[in-house]
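Letters A, B, ... mirror the listed sequences (proteins, then strands); counts begin at 1.
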Amino acid sequence: MPRPQPLSGFPELLPRQRIVEQQVVDHLRRAFELHGFANVRTRAVEPMDQLLRKGETSKEVYVLRRLQADSGSGDAGLGLHFDLTVPFARYVLENAGKLQFPFRRYQIQPCWRGERPQEGRYREFLQADIDIVDQGELPAHYEVEIPLVIADALRGLPLPPVRMHVNNRKLSQGFYQGLGIDDTEEALRIIDKLDKIGAEAVAKLLMDELGVGPEQAEACLRLAEITSADASFVDEVKALGVANPLLEEGLSELAAVVEAAAAEAPGLVVADLKIARGLDYYTGTVYETFLEGHEGLGSVCSGGRYDTLASDGKHTYPGVGLSIGVSRLLVPLLQSGRLTATREVPTCVLVAVAGEEDRSASNAIAQRLRARGIPTQVSPSAAKYGKQIKFADRRGIPFVLFSGEDGHQMRDIRSGEQVPVDLDSWEPPAEDLHPRIVAE
RNA sequence: GUGGUCGUAGCUCAGCUGGUAGAGCGUCUGGUUGUGGUCCAGAAGGUCGCGGGUUCAAGCCCCGUCGAUCACCCCA
């Protein structure tokens with residue numbers, strides 16, 4: 001069999017890289033739980049009409065087909081989910097009677113999109129999603145809380161600093177309304193291209209597509225240019241001289257988010273009035289997050305507030321959430337070697353074997369260490385000690401234990417230091433017990 | 001999904017106007033008779049991504065395909 005090639009857009013990690021991913025996921029999980037989020041796992045598939053509702057046109061959904069299905073039989077119409085928000089909305093409706101509201105949950109699962117892969121964009125990727133959903137009304141303070149939870153979760157990971165750009169759709173759309181623009185959705189979509197195609201091209205699009213005048217287009221651009229790390233953007237917007245009730249609402253909501261974030265996580269959040277978000281189910285605050293030095297990757301953590309994503313006709317369940325693109329964040333850093341683990345196996349101690357006749361004794365020694373939570377494996381062969389040390393070195397295992405008539409000796413193979421130890425009390429330094437993530 | 005660039009040993013790469021494949025690093029063995037990393041000597045390792053075509057002859061030219069990457073689209 002020829003060596004199989006990777007499948008485009010379906011990245012697989014080596015053990016050392018997977019250790020990093022696993023530890024990041026563990027870290028996120030711990031952080032989310034510290035904030036009281038319960039875990040939920042939803043199925044991989046959703047009915048197509050769920051996935052395609054809300055006019056999400058070209059989501060490149062992977063459709064599920066049974067090979068043996070009769071061509072004539074009714075199609076189940078299932079597709080793999082492309083994010084975790086849509087399945088969660090469905091889950092909330094399905095279980096509304098059994099859930100307590102406001103309901104806060106986190107969900108860490110793969111998602112699938114049939115798009116052409118690029119660095120940081122894959123066809124199968126891991127997403128870590130938190131949402132808070134309430135019944136009827138969702139208090140605005142959750143729009144402040146959610147980014148702070150994310151900030152907390154990302155803190156402590158050896159990643160480049162992140163900056164969250166926040167806007168409020170009411171603000172932008174109210175502003176456009178105040179200018180007399182009807183299709184505010186389309187205006188947002190065009191403004192969203194500002195970074196890519198530049199001010200002139202955006203102005204042209206606004207005039208050509210929406211028929212707005214040059215002064216209106218100019219006003220839209222002036223709004224989009226506004227950015228601030230505190231609430232000072234409010235005055236800047238007001239100076240543009242547009243009045244609209246929706247705009248006022250958006251201004252005060254965004255100011256609340258930015259001020260609270262500045263107080264609790266200085267430097268994390270910046271108001272950026274050009275952020276729009278493509279997904280049209282967002283109705284208030286929207287978030288995009290960039291890795292400093294890796295802005296080209298795009299947003300590594302996005303979300304926002306949605307008022308009507310889940311509705312059964314009688315009740316609506318407004319929510320606010322953010323998704324960390326774990327794969328987008330990690331895979332490029334792992335593949336370029338900027339992020340790695342201190343070793344490629346969990347093993348902390350390799351127990352040397354003097355001769356095959358001593359293997360069961362070595363097994364017993366290993367078991368004593370494991371009983372105290374120290375990941376331990378026994379040397380695969382009774383080769384020369386130099387080879388056994390090499391075996392550990394290759395894998396990054398920090399300690400090798402030798403046993404003989406005169407007791408046990410623990411060798412730190414990084415320093416070469418070797419000391420007699422008592423098996424039942426020896427502890428590795430805390431940082432050596434498990435592999436750690438290291439940057440650069 | 002549309003278009004561009006790229007694909008040679010495990011890794012990084014060389015390979016002339018087409019003439020049957022090279023280096024460094026790594027790996028293995030020995031020097032080193034039970035304590036690695038240095039040094040020295042030697043060895044293994046390639047259907048040149050894959051398939052087809054042109055040619056006396058293809059790593060090199062042409063077509064297709066797969067993969068990587070970039071732009072568009074969209075977005076985690």
Side-chain angles (χ1 to χ4, degrees), chain A residues 1-12 14 28 56-62 81-86 107-130 150 162 189 192-193 195-197 201 275-280 282 286-291 294 296-304 321-332 335-337 350 352-356 358 379 381-404 409-418:
Chain A
M1 188 169 108
R3 179 148 63 137
Q5 284 206 313
L7 210 50
S8 184
F10 294 84
E12 293 181 315
L14 290 168
L28 295 177
E56 279 144 36
T57 46
S58 62
K59 262 291 142 48
E60 302 292 352
V61 172
Y62 277 112
H81 60 236
F82 54 81
D83 72 3
L84 299 176
T85 308
V86 169
Q107 204 171 331
I108 303 175
Q109 286 179 232
C111 300
W112 296 269
R113 288 182 199 177
E115 296 167 346
R116 183 70 73 88
Q118 238 167 278
E119 188 185 39
R121 331 171 36 161
Y122 309 99
R123 289 177 165 167
E124 178 179 73
F125 55 95
L126 194 62
Q127 203 166 292
D129 193 294
I130 56 170
I150 292 290
V162 296
R189 212 181 302 276
D192 194 43
K193 298 177 191 290
D195 277 342
K196 270 194 181 155
I197 63 177
I275 297 296
R277 307 256 52 232
L279 296 178
D280 50 11
Y282 294 117
V286 288
Y287 316 88
E288 291 201 347
T289 313
F290 299 93
L291 255 198
H294 304 269
L297 275 186
S299 174
V300 296
C301 174
S302 308
L322 269 168
S323 289
I324 300 176
V326 178
S327 300
R328 168 170 289 188
L329 191 60
L330 253 32
V331 173
Q335 287 180 345
S336 67
L350 178 77
V353 177
E356 279 308 322
D358 298 313
S379 178
S381 73
K384 288 198 288 189
Y385 280 161
K387 287 211 173 169
Q388 297 192 42
I389 291 172
K390 218 172 199 174
F391 176 92
D393 193 34
R394 289 284 151 70
R395 292 159 179 76
I397 300 170
F399 296 99
V400 176
L401 181 74
F402 297 98
S403 301
Q409 297 212 324
M410 189 69 76
R411 179 181 188 86
D412 181 333
I413 66 172
R414 297 158 299 188
S415 63
E417 186 191 5
Q418 186 167 323

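- A distance of 6.0 Å separates CD1 in A:I130 from CG in A:L322, rounded to the nearest 0.5 Å.
- Checking A:E288 against A:S302 by side-chain atom types alone, no donor-acceptor pair falls below 3.5 Å.
- Candidate nucleotides B:G36, B:C70, B:G1 were compared by shortest atom distance to the side chain of A:I413, and B:G36 ranks first.
- Distance, A:R116 CZ to B:G1 P: 6 Å, rounded to whole Å.
- Using a 4.0 Å heavy-atom distance criterion, A:C111 is classed as making no nucleic acid contact.
- The 5' end of RNA chain B is approached more closely, in terms of each residue's nearest nucleotide, by A:A383 than by the other of A:F10 and A:A383.
- A gap of 15 Å separates the P atoms of B:G22 and B:U47, to the nearest Å.
- For the pair A:D412 CG and B:U35 P, the computed distance is 19 Å after rounding to whole Å.
- Rounding to the nearest 0.5 Å places OG of A:S299 at 12.5 Å from OH of A:Y287.
- For A:E115 and B:G1, the CD to P distance is 12 Å, given to the nearest whole Å.
- Separating the NZ atom of A:K387 from the C1' atom of B:C28 is a distance of 8 Å, rounded to the nearest angstrom.
- Contact check for A:P398 versus A:R414: side-chain heavy atoms found under the 4.5 Å cut-off.
- Atom pair A:R395:CZ and B:G37:P shows a separation of 17 Å (rounding to whole Å applied).
- Dashed line: the shortest gap from a side-chain N or O of A:K384 to OP1 or OP2 of B:G30 is not under 4.0 Å.
- A sub-4.0 Å separation between OP1 or OP2 of B:C72 and a side-chain N or O of A:K193 is absent.
- With rounding to the nearest 0.5 angstrom, the CH2 atom of A:W112 is 15.0 Å from the CZ atom of A:R123.
- Comparing the P positions of B:G64 and B:A57 gives an interatomic distance of 23 Å, to the nearest angstrom.
- On a pure distance criterion of 3.5 Å, no polar donor-acceptor pair joins the side chain of A:R414 and the base of B:G37.
- Contact annotation: A:K390 does not reach the phosphate of B:G37 (side-chain N/O to OP1 or OP2, under 4.0 Å).
- Comparing B:A44 with B:C28, their P atoms sit 16 Å apart, to the nearest whole Å.
- If you take CG on A:L401 and OG on A:S379, they are separated by 11.5 Å, rounding to the nearest 0.5 Å.
- Each of A:I324, A:L126, A:T289 was evaluated against A:L329; a single residue qualifies, A:I324, per the side-chain contact (heavy atoms from CB on, under 4.5 Å) test.
- Proximity note for A:E119 (side chain, C-beta onward) versus B:U35, B:G67, B:U69: the nearest is B:U69.
- Nucleotides B:G53 and B:C11 have their C1' atoms positioned 33 Å apart, rounded to a whole Å.
- Contact annotation for A:G337: no contact, since no heavy-atom pair falls under 4.0 Å across all strands.
- The distance from the CZ atom of A:R411 to the CG atom of A:L350 is 12.5 Å, given to the nearest 0.5 Å.
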Original post:
Between A:E115 and A:R121, is a salt bridge (charged side-chain N to carboxylate O under 4.0 Å, His left out) present by the stated rule, with each step listed?
Top reply: CA-CA 8 Å; A:E115 296 167 346; A:R121 331 171 36 161; 3.1 Å; yes

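- Not a single donor-acceptor contact under 3.5 angstrom links the side-chain atoms of A:D393 to the base of B:G37.
- Listed by residue number, A:G120, A:R121, A:Y122, A:F125, A:Q127 are the residues of residues 120-127 of chain A with a heavy-atom contact under 4.0 Å to RNA chain B.
- Straight-line distance from the CZ atom of A:R189 to the P atom of B:C75: 8 Å, rounded to whole Å.
- For A:Q335, the listed nucleotide lying nearest its side chain is B:U69; candidates were B:U35, B:G67, B:U69.
- A sub-4.0 Å separation between OP1 or OP2 of B:C66 and a side-chain N or O of A:S8 is absent.
- Remark: A:R395 is positioned above the aromatic ring of A:F391, its terminal NZ or CZ atom under 6.0 angstrom from the ring centre and at most 45 degrees off the axis.
- For the pair A:L297 CG and B:A71 P, the interatomic distance rounds to 11 Å; values are reported in whole Å.
- Nucleic acid contact class of A:V353 (heavy atoms, under 4.0 Å, all strands): base.
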**OP:** Before giving the answer on side-chain contact (heavy atoms from CB on, under 4.5 Å), spell out for A:Q109 and A:L84 the whole-Å C-alpha distance, their side-chain angles and the decisive distance to 0.1 Å.
**Re:** CA-CA 8 Å; A:Q109 286 179 232; A:L84 299 176; 3.9 Å; yes

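- B:U35 atom C1' lies 16 Å from atom CZ of A:F391, rounded to whole Å.
- For B:U35, neither phosphate oxygen OP1 nor OP2 lies less than 4.0 angstrom from any side-chain nitrogen or oxygen of A:Q418.
- For a distance-only test at 3.5 Å, the side chain of A:R328 qualifies as a donor-acceptor partner of the base of B:C75.
- A cation-pi contact, defined as under 6.0 Å to the ring centre and within 45° of the axis, is absent between A:R113 and A:Y122.
- Between the NE2 atom of A:H81 and the CD atom of A:Q127 there is a distance of 8.0 Å, given to the nearest 0.5 Å.
- Across all strands shown, A:A392 has no heavy atoms under 4.0 Å from either base or sugar-phosphate atoms.
- Checked by distance alone, A:R394 brings no side-chain donor or acceptor within 3.5 Å of a matching partner on the base of B:G37.
- Using C1' as the reference atom, B:G45 and B:U54 are 33 Å apart when rounded to the nearest Å.
- Of the P atoms belonging to B:G46 and B:A41, the separation is 25 Å, rounded to the nearest Å.
- For the P atoms, the distance from B:A43 to B:A58 is 31 Å, rounded to whole Å.
- Residue contacts shown for A:F402 include a base, since a base heavy atom lies under 4.0 Å away.
- Comparing the P positions of B:A21 and B:G59 gives an interatomic distance of 8 Å, to the nearest angstrom.
- At a threshold of 4.0 angstrom between heavy atoms, the contacts of A:G298 with the nucleic acid are absent.
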Original post:
Once Watson-Crick and G-U wobble pairs under 3.5 Å are found, how is RNA chain B written in dot-bracket notation, 5' to 3', with | for any base paired to another strand?
Top reply: (((((((..((((.....[..)))).(((((.......))))).....(((((..]....))))))))))))....

